[in-house]
Protein chains: 2
Amino acid sequence: MKSAVKAQQAEDSAETGAQQIRDAIREAIVERRLSPGTKLSESDVGNLFNVSRTLARAALQALSYEGLVSVEKNRGAFVAYPSPDEARQIFAARRLVEPGILREAAARITPGDISQLRELLLEEGRLMSERGQTARRAEIKASGDFHLMLAEISGNAIMQRFMEELVARSSLVIALYGQSTASSCGHSEHGDIIAAIENDDLDRACQLMLHHIAHIEADLDLRARKSLGLKEAFEL
Amino acid sequence: MKSAVKAQQAEDSAETGAQQIRDAIREAIVERRLSPGTKLSESDVGNLFNVSRTLARAALQALSYEGLVSVEKNRGAFVAYPSPDEARQIFAARRLVEPGILREAAARITPGDISQLRELLLEEGRLMSERGQTARRAEIKASGDFHLMLAEISGNAIMQRFMEELVARSSLVIALYGQSTASSCGHSEHGDIIAAIENDDLDRACQLMLHHIAHIEADLDLRARKSLGLKEAFEL
DNA sequence: ACGCAAAAAGTTGTATACGATTTCGCTGCC
DNA sequence: GGCAGCGAAATCGTATACAACTTTTTGCGT
């Protein structure tokens, strides 16, 4: 599925080296190898990928359009540090669009799609039982891929791109505000949703999706701890 | 309202000259002063705004992320020429998200917002009765602003940005495939939607919104006339 | 020793330069 | 007359250079 997602955008383009850098950094952010707030200086990025600052800058700009990095004028680019309010908006957006995407996907889903989804779930479960950071990161990506694949099946490239943005930003939010050591997504809920789709019970599938999103959000601690930095941090 | 929309993004940023160029070009595209397919060479854009190719390029890249221009490797940037399929996806996306946005907006709407919406409608009506291209362009923008303002009222900046993209791209689609000489949006339908909101009849408001979108789409001729260029163009 | 000011270092914003790729027009051949 | 091939012009992709701004360090005075 990963290849399918990429192919759709690749086509003739492979636009430029900047694209590759953008993708590499995005992956690093989504997999949480880069923490929110980390500074991404143009020179450093350029050196890291052996390109000039021009390309590094282009990649960072691109990521800022996706909301994954924030560039501050004359100060530089940082891995985005979503505020609690932003976090709420991200999940509100997901609650708003994912049921609709699910409905469209269900209308066009093929047996092949379903088996691919199942495969994804299996992989996810396997990673879940594994130990180690590598497995954890792969699991994070896999759980997002479930939602992305639904968007892909829906056949609407625009919604798919939007979901990619939302999933990526969700990962950032979870990295910042997530509490449970458990992974980002309740794995079993994904399976339930597929089952509901197979049973042609669309309303139930949507309801499950909403619950699922609410579940993820419930694991967050979005109390505005605005730096809490001075006295409060030390008076105990 | 225009100022409000801009202020929200301006804040401290005003990031750079590229942003201004991007906005100027976008406005030109949305108001249909630039037709789909028009070539936007980096040098030309740079000269036009008296900046280097660097900034022109950045602006064009930004617009390509919004789907308003398509850049082809080693060939240049063009005002986007959405395919019929893309057009359908754009409107499918709008049908998917606008009812949700409407619901959120209705939940937070204030009397002040309503009067602002009414004001927008009045302006729209006034422009509608005027003659001339300038009025036509202003009307196009105004009719889009109605949808954008609902997104703004909804309080979700992410959905707002997404709607901005969808409305802008819709304008392109209408420019390409629209048939009626009449303006893009049925003006009266906007008023009906506001009325339904005021009556707390959300379901009706959503239904009106869906009809409204369907209406716009119905005015399009999305038959794939694939260039129609060879024999068909001349055999009559 | 502390605080403030000025300079130095580092980083971003923009312009220019150069190599690579495409496009277009020309010449020459069929 | 038309088409293939070649060369020039235009345009894009990327690197480098310089100016403007920010941050840090240094040094002086109190």
Side-chain angles (χ1 to χ4, degrees), chain A residues 9-25 29 34-81 227 229-230, chain B residues 9-26 29 34-81 227 229-231:
Chain A
Q9 200 163 1
E11 296 256 336
D12 62 84
S13 55
E15 159 127 13
T16 151
Q19 232 80 343
Q20 282 180 276
I21 299 172
R22 168 173 68 80
D23 291 344
I25 297 181
I29 293 177
L34 284 169
S35 305
T38 304
K39 166 139 200 185
L40 302 172
S41 102
E42 296 176 355
S43 325
D44 290 353
V45 172
N47 289 351
L48 191 56
F49 291 92
N50 285 90
V51 295
S52 78
R53 249 186 25 160
T54 306
L55 291 191
R57 183 185 181 81
L60 292 172
Q61 284 292 123
L63 288 166
S64 95
Y65 294 125
E66 302 179 29
L68 290 184
V69 320
S70 73
V71 306
E72 300 174 30
K73 179 172 160 141
N74 276 321
R75 285 190 25 90
F78 305 83
V79 179
Y81 196 104
S227 88
L230 299 173
Chain B
Q9 198 163 359
E11 296 257 336
D12 60 84
S13 56
E15 159 128 12
T16 149
Q19 232 79 345
Q20 283 179 275
I21 299 172
R22 168 173 68 81
D23 291 345
I25 298 180
R26 173 169 41 206
I29 294 177
L34 284 169
S35 305
T38 304
K39 166 137 201 188
L40 302 171
S41 101
E42 296 175 355
S43 324
D44 290 353
V45 172
N47 289 352
L48 191 57
F49 291 93
N50 284 88
V51 295
S52 78
R53 243 183 10 116
T54 307
L55 291 191
R57 183 187 181 81
L60 292 172
Q61 284 292 124
L63 287 167
S64 95
Y65 295 127
E66 302 178 30
L68 289 184
V69 320
S70 72
V71 307
E72 299 175 30
K73 179 172 159 140
N74 275 320
R75 284 189 25 91
F78 305 82
V79 178
Y81 197 105
S227 88
L230 300 172
K231 291 179 299 185

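Letters A, B, ... are given to chains in the order of the sequence lines, protein chains preceding strands, and every chain is numbered from 1. Note that the coordinates shown come from a computational prediction; the quantities given were computed from them, not determined experimentally.
One distance of note links CD of E72(B) with OG of S64(B); it measures 11.5 Å at 0.5 Å rounding. Rounding to the nearest 0.5 Å gives a distance of 10.0 Å between OG of S52(A) and CD of E42(A). Here R57(B) contributes atom CZ and T54(B) contributes atom OG1; the two are 9.0 Å apart, rounded to the nearest 0.5 Å. Atom CZ in F78(A) sits 11.0 Å away from atom CG in L60(A) (nearest 0.5 Å).
Counting all heavy atoms, side chain and backbone alike, G37(A) lies closest to Y81(A) at N-CD1, 4.0 Å. Minimum heavy-atom separation, S35(B) to V79(B): O-CB, 3.4 Å. Across all their heavy atoms, A18(A) and A58(A) have their closest contact at CB-CB, 4.0 Å. When all heavy atoms of A59(B) and R22(B) are compared, the closest pair comes out as CB-N, 3.8 Å. Between I21(A) and V45(A), the shortest heavy-atom contact is CG2-CG1, 4.0 Å. Taking all atoms of both residues into account, the shortest heavy-atom contact from A80(B) to P36(B) is O-CB, 3.2 Å.
Distance CG (L55(A)) to C1' (dG19(C)): 14 Å, rounded to an integer number of Å. If you measure from atom CD1 of I21(A) to atom C1' of dA15(D), you get 13 Å, rounded to the nearest angstrom. One interatomic measurement links the two molecules: CD of Q19(B) to P of dG13(C), which rounds to 11 Å at whole-angstrom precision. Remark: P of dG13(D) and CG of L60(B) are 10 Å apart, rounded to the nearest angstrom.
Of all the residues in residues 36-54 of chain A, V51(A), S52(A), R53(A), T54(A) reach under 4.0 Å from DNA chain D with at least one non-hydrogen atom.
Evaluated for a side-chain contact (heavy atoms from CB on, under 4.5 Å) with V69(B), the options T38(B), L34(B), I29(B) yield exactly one hit, I29(B).
When the side-chain nitrogen and oxygen atoms of R57(A) are compared with OP1 and OP2 of dG13(C), one or more of them lie within a distance under 4.0 Å.
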Report each atom pair, protein N/O against N/O of nucleotides 7-9 of chain D, whose distance is under 3.5 angstrom.
none

Mind listing the N/O atom pairs, protein and nucleotides 22-25 of chain D, below 3.5 Å?
unit_1  : atom_1 : unit_2 : atom_2 : d
dT23(D) : OP1    : R75(A) : NH1    : 2.3

